[in-house]
Amino acid sequence: MSTIEPRTLKGFRDYLPTAMLAREQLIDTARRVYRSYGFAPIDTPALEYLEILTGKGSDETDKQLYRFQDHGGRDVGLRFDLTVPLARFMAQHSAALGVPFKRYHIGPVWRGENTQRGRYREFMQCDFDTIGTLAPAADVETALVIHDLIQALGFSRFQIRVNNRMVLNGLLDRLGLSDRSSAVLRSLDKLAKIGRDRVAEELAQFAGANPDQIRDVLRLTELTGDNSAILRQLEPLVAGSETGQAGVARLDQLLAAAAAAGVPDNRLRLDVSIARGLDYYTGVIFETFLDDLPTLGSVCSGGRYDNLAALFTKELLPGVGASLGLDRLLAGMEELKMVASASTPATVFIAFFDPQRLVDYLRLAANLRAAGLGVELYPDPKKLGAQLKYAARRGFQTALVAGENEFAAGIVQVKDLATGHSRDVSLAAGIQPLLDALRDSPPPRVRPLP
RNA sequence: GUGGCUAUAGCUCAAUUGGUUAGAGCGCCAGAUUGUGGCUCUGGAGGUUACCGGUUCGAUCCCGGCUAGCCACCCCA
């Protein structure tokens, strides 16, 4: 009988324990950081009515939607991100929730686009957003969360690039290009990659800009210096545009506040050429790049969107937030050797050494688990060497070895699997001395870069 | 979605101008005086050369298709 070839769809992946432990640890870290700012968890369905999802991001995102008819003939789609479902969610529940509402949402999203390193068709996003306030404080807080998050995940060399759509829109308004802003921004965004000459070409070709307009847009690319220097050079460029000036003011405020809150200047960089992001962004925009993997793309992006919920309700529900691309970040961390090779979540290994003592091993394991430790008891009374090898491979921190001699003496051998050293701990006075011996910090599963 | 490159054991790679039983290292399993792993030694398992088809006396090798991965475009986490 022939077998079915086991395989997975393009862009979809299996996760083995080593990868999954790392994923779960990243999720735990994100959850901890989000909660520390008061964001509360929500969840929404993977599947939405198609009309909820279409027309929210851009033409491109509509093309990438996984869509089909369900068994009842309804047109449905898999969510493309977590922000559009949030807009729907808020329109439905804002009365019950009240504003401002801060939520985080961790879950998979699906995009039917071509795959590459760090680009998958199914991937996990970890969003946090603040809904129902236009306050600059919420923008600042978004930057702080991104910073705390990436740092908590073990990175020290990264850059959050920040810009504001109002600055760009104000400038384009002044130049009479606002009706072609998407095309202009798309070209401008490629600056770092294709250079200013080709940006100029594209501006003429795709945005129909005249030479004067092109020259003025390209002035944006000539800004140099630190954040405050760029701000000063930006001011004259938006002079006369109320929107543009407001945008510069908000950037100024954001950068000053973030710096005051302890974000180093080199980690939060004003970059007027970052423009992309989905069409729904209206204010501040964030993108986060790892210094050591600049080609990986942004691992945490977001911004302010003041009109998104307007598609679902007449109520004014502005929002600001960002999304951590967990799977992309993990792909980067694997490349940077930041992912530990442990494949067990437990730290304590108990060797099944004496076949007559199963009950004693089980009791010991139970006592340690009751104290909050992760404990695995080997199922077979195999050769001790083989058991220790198994334990070391899996990444256990400590092995407990007890045979006839130890039981007779009322002790257990506590073996540090990293160093190979072991010592005897008495069980005569109860489990506490053993717990003390095991209390040493558990192995880090993700190593920070030097 | 478009274009290019690639595809051999769990992983990294070999295999003379297409030639018969496709190899190595690492890993895995089992041993090396019946209580201690990471070093060493021995043995073993594991491949319809991604899959389907074509050319040929004969295909891992040449051709086509398909699937997947990577790169660029596009876009994005």
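Here is how names work: the chains are called A, B, and so on, in the same order as the sequence lines, proteins then strands, and each is numbered from 1.
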If we take the [atom1] atom in both [N] and [M], what is their distance in whole Å?
{"N": "B/G37", "M": "B/G31", "atom1": "C1'", "answer": "16 Å"}
{"N": "B/U17", "M": "B/C62", "atom1": "C1'", "answer": "13 Å"}
{"N": "B/A7", "M": "B/U60", "atom1": "C1'", "answer": "11 Å"}
{"N": "B/G10", "M": "B/G54", "atom1": "C1'", "answer": "33 Å"}
{"N": "B/U56", "M": "B/G3", "atom1": "C1'", "answer": "32 Å"}
{"N": "B/A50", "M": "B/A59", "atom1": "P", "answer": "15 Å"}
{"N": "B/U20", "M": "B/C11", "atom1": "P", "answer": "26 Å"}
{"N": "B/G4", "M": "B/U12", "atom1": "P", "answer": "26 Å"}

**Q.** Salt-bridge contact A/D81-A/R111 (side-chain N to carboxylate O under 4.0 Å)
**A.** no
Using a cut-off of less than 4.0 Å, is there contact between a side-chain N or O of [X] and OP1 or OP2 of [N]?
{"X": "A/K382", "N": "B/A30", "answer": "yes"}
{"X": "A/R7", "N": "B/A68", "answer": "no"}
{"X": "A/S301", "N": "B/C76", "answer": "no"}
{"X": "A/Q116", "N": "B/A72", "answer": "yes"}

Hey, does [Y] have a side-chain heavy atom less than 4.5 Å from the side chain of [X]?
{"X": "A/K382", "Y": "A/F352", "value": "no"}
{"X": "A/L16", "Y": "A/T18", "value": "no"}
{"X": "A/L270", "Y": "A/L223", "value": "no"}
{"X": "A/P136", "Y": "A/L254", "value": "no"}
{"X": "A/Y305", "Y": "A/D129", "value": "yes"}

Nearest to side-chain heavy atoms of [X], which nucleotide of [options]:
{"X": "A/K415", "options": "B/U36, B/A77, B/C71", "answer": "B/U36"}
{"X": "A/Y120", "options": "B/G37, B/A77, B/C74", "answer": "B/A77"}
{"X": "A/L388", "options": "B/G35, B/U36, B/C76", "answer": "B/U36"}
{"X": "A/R328", "options": "B/C76, B/C71, B/G37", "answer": "B/C76"}
{"X": "A/E202", "options": "B/C74, B/G37, B/A77", "answer": "B/C74"}
{"X": "A/K389", "options": "B/A77, B/C73, B/C29", "answer": "B/C29"}
{"X": "A/F353", "options": "B/G35, B/A77, B/A32", "answer": "B/G35"}
{"X": "A/E406", "options": "B/A77, B/A32, B/U36", "answer": "B/U36"}
{"X": "A/T115", "options": "B/U36, B/A77, B/C70", "answer": "B/C70"}

Could you state the [atom1]-[atom2] distance from [X] to [N], rounded to the nearest angstrom?
{"X": "A/R161", "N": "B/C76", "atom1": "CZ", "atom2": "P", "result": "16 Å"}
{"X": "A/L16", "N": "B/C11", "atom1": "CG", "atom2": "P", "result": "11 Å"}
{"X": "A/F349", "N": "B/G38", "atom1": "CZ", "atom2": "C1'", "result": "15 Å"}
{"X": "A/R13", "N": "B/C70", "atom1": "CZ", "atom2": "C1'", "result": "14 Å"}
{"X": "A/K10", "N": "B/C51", "atom1": "NZ", "atom2": "P", "result": "19 Å"}
{"X": "A/I350", "N": "B/U36", "atom1": "CD1", "atom2": "P", "result": "20 Å"}

Which part of the nucleic acid, if any, lies within reach of [X] when heavy atoms closer than 4.0 Å are counted: base, sugar-phosphate only, or nothing?
{"X": "A/C126", "answer": "nothing"}
{"X": "A/T295", "answer": "nothing"}
{"X": "A/L326", "answer": "nothing"}
{"X": "A/A418", "answer": "base"}
{"X": "A/Q387", "answer": "nothing"}
{"X": "A/N405", "answer": "base"}

Q) Does the aromatic ring of A/Y390 sit over the six-membered base ring of B/G37, closer than 5.5 Å centre to centre and tilted less than 30°? A) no
Q | Cation-pi, A/F123 ring and A/R328 (6.0 angstrom, 45 degrees) | A | no
Q | Cation over ring face, A/R13 and A/Y120, 6.0 Å, 45° | A | yes
Q.
Under 3.5 Å for both pairing distances: what stems, at least three Watson-Crick or G-U pairs long, include RNA chain B?
A. B:1-7 with B:67-73, B:10-13 with B:23-26, B:28-32 with B:40-44, B:51-54 with B:62-65
Q) Can you find an N or O donor on one side and an acceptor on the other, under 3.5 Å apart, linking the side chain of A/E287 with the base of B/A77? A) no
Q: Using heavy atoms to find the nearest nucleotide of RNA chain B for A/G118 and A/G112 separately, return the residue whose nucleotide is more 5′.
A: A/G112
(Q) Need to verify one output field. Residue with the more 5' nearest nucleotide on RNA chain B, A/L296 or A/F12? (A) A/F12
Atom pairs and distances, side-chain donor-acceptor, residues 37-48 of chain A, under 3.5 Å, sequence neighbours left out:
from	atom 1	to	atom 2	distance (Å)
A/Y37	OH	A/D148	OD2	2.6
A/D43	OD1	A/H105	NE2	2.9
A/T44	OG1	A/R79	NH1	3.3
A/E48	OE1	A/R88	NH1	3.1
A/E48	OE2	A/R88	NH1	2.5

**Q.** Main-chain N/O of A/E287 paired to A/S298 side chain as donor or acceptor, under 3.5 Å
**A.** no
